[in-house]
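Step one of this worksheet: look at the structure below.
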Amino acid sequence: MGSHRLRCLSSPACLLFAFAVLLAIMPGLAAARTRRYTFNVTMATVTRLCVTKSIPTVNGRFPGPKVVVREGDRLVVKVHNNINNNVTFHWHGVRQLRSGWADGPSYITQCPIRPGQSYAYDFRVVGQRGTLWWHAHFSWLRATLYGALVILPPRGVGYPFPKPYREVPLMIGEWFNADPEAVIRQAMQTGGGPNVSDAYTFNGLPGPTYNCSANDTFKLKVKPGRTYMLRLINAALNDELFFAVANHTLTVVQADANYVKPFAATTLVISPGQTMDVLLTAATNPSSPAFAIAVAPYTNTVGTFDNTTANAVLEYAPQRAAVLRGIPAPALPLYNDTGAVANFSANFRSLTSAQYPERVPQSVDRRFFFAVGLGVDPCQSRVNGTCQGPNGTRFAASMNNVSFTMPKTSLLQAHYQRRYSGVLKANFPTAPPRPFNYTGTPPNNTFVSHGTRVVPLKFNTTVEVVMQDTSILGAESHPLHLHGYDFYVVGQGFGNYDANNDTAKYNLVDPVQRNTISVPTAGWVAIRFVADNPGVWIMHCHLDVHLSWGLAMAWLVNDGPLPNQKLPPPPSDIPRC
Ligand code: C2O
């Protein structure tokens with residue numbers, strides 16, 4: 001051996017060879033990189049729908065910058081808050097394994113970053129690849145503070161589908177001519193529903209269906225015969241959306257950064273918080289030089305909603321702004337077409353391959369049944385304000401009749417210091433306090449209770465949660481998002497969940513894994529996850545108005561016995577309340 005090495009050192013050819021070998025294995029060695037970003041939160045002036053206003057932005061951009069990492073990378077985002085408002089950022093869908101301090105929901109895993117302060121979100125992206133996104137997690141600031149978070153597979157690892165010619169993030173947002181903070185402030189004051197948005201946007205642009213917006217149209221230029229991957233993100237505040245491209249079929253390959261068995265669809269449904277990667281192959285002989293890409297709301301709310309349609313453009317040849325209203329547009333389902341939604345959601349199956357196996361929990365340690373929906377507070381509420389909700393009450397929302405009270409300090413901090421008194425109660429109900437016919441005639445008393453109540457879980461508990469929509473104040477779909485975990489969607493259906501019959505119909509073979517799932521209108525959904533990530537994890541409706549009304553709870557997952565099963569101490573720059 002020794003003489004070999006010596007001989008190599010003295011031979012230029014051998015040295016060159018050794019160097020080449022080193023270069024070849026370098027990318028593997030250097031695979032896990034640290035990616036650093038700086039987020040300067042600043043006000044910037046933008047004009048949409050002929051309204052010019054100053055909005056919170058990241059680095060002056062709207063939507064904010066695209067963050068790109070590779071699976072396994074460490075991501076460090078240094079946030080400087082230069083606006084006149086508290087802010088935090090959430091990396092929606094990132095599991096945050098033992099990095100709960102970087103999760104971001106205000107008063108859950110951290111105190112807000114106050115004006116003038118900074119905080120560095122520092123975490124690794126492990127075992128996930130695909131499209132996620134980041135957004136502010138304080139009040140309604142995410143209306144303008146959001147962007148794509150793209151997780152590429154490790155270097156040298158491809159997609160389990162043919163590599164697309166191009167990949168394009170397509171973020172669907174919701175534009176308010178008014179200040180969204182004023183909108184929610186007013187709603188919380190009056191107790192009534194908030195004013196609705198004025199437009200939906202594609203990558204921040206409303207497009208030709210709105211007043212004076214034809215020049216603010218997102219255009220996806222395509223070449224005939226090429227395949228494009230759209231990284232769809234529903235960043236809207238309060239609306240589930242139908243999505244379609246005129247004359248083009250889409251192939252769904254990924255949901256919430258999990259590969260799915262590819263399936264074709266002409267109309268998609270995407271809920272706030274959800275992401276979906278879809279393949280679109282451009283026609284070789286398009287029948288028109290351009291086609292509309294459209295979104296419109298899906299809702300069964302009894303309240304008002306933004307019932308507009310927004311268009312982007314799939315462009316084979318350059319189009320003048322003046323003609324954009326006339327290009328072929330897709331026919332979207334009616335706004336309340338729950339059947340179309342159910343048909344679409346039934347398509348999702350996880351890919352489940354040798355390379356991407358699934359470990360679906362076949363049995364569970366603890367079962368929970370959560371009734372999810374709206375409710376009201378009586379007028380003599382402890383909250384200051386008027387009573388412009390239903391029948392002179394104030395709107396509220398709850399799970400198991402508990403409307404979540406936002407604490408004044410970080411729950412994770414309280415948990416880490418084991419100082420729970422006065423901050424939280426570990427007694428969130430495992431079932432509704434009074435069972436009723438959830439999807440039938442609502443009970444007479446629709447008042448909610450209030451509290452910061454959590455479910456404590458032992459490390460590694462296998463959990464099943466059935467979430468049941470209620471018809472109190474009208475059955476409607478609720479996109480429930482769980483922080484810190486992906487969960488398997490093992491079953492869903494309409495009407496009241498029936499443990500005896502419905503459990504037998506679960507898919508325990510290849511259920512889709514997601515971080516956000518809609519509880520169907522007048523229906524239920526069952527999810528399973530293994531509580532292997534210590535910390536405090538909020539689960540909430542991703543319609544911001546419902547979150548503001550208290551549609552949230554939190555799981556408190558205790559440390560496991562091993563050193564690598566414990567939540568590390570908080571970073572030194574964690575903001576204080
Ligand atoms: Cu995308 Cu708690 O949120």
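First listed ligand is number 1; within each ligand, the first listed atom is number 1. Just so you know, these numbers come straight off a predicted model, no measurement behind them.
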Only pairs under 3.5 Å count here: list side-chain donor-acceptor contacts from residues 413-420, not counting sequence neighbours, and write none if there are none.
residue	atom	partner	partner atom	Å
H415	ND1	Y420	OH	2.6
R418	NH1	H415	O	2.6

- Do we see a donor-acceptor contact under 3.5 Å between the side chains of H80 and S118? yes

- Query: Any sub-3.5 Å donor-acceptor pair from Y488's side-chain atoms to R359's backbone N or O?
  - Reply: yes

- Under 2.8 Å from atom 2 (Cu) of ligand 1, the protein N, O or S atoms, given as residue and atom: H137 NE2, H483 NE2, H540 NE2

- Should the pair F39 and W91 be assigned to parallel (<30°), tilted (30 to 60°) or perpendicular (>60°) ring geometry? tilted

- Item | L232 CG to T275 OG1 distance, which is reported to the nearest 0.5 Å | 9.0 Å

- Closest N/O/S atom of H135 to atom 1 (Cu) of ligand 1, by atom name? NE2

- In a check of ring-ring contact (aromatic ring centres under 6.0 Å, His included) between Y298 and each of Y335, F344, F242, F305, which one passes? F242

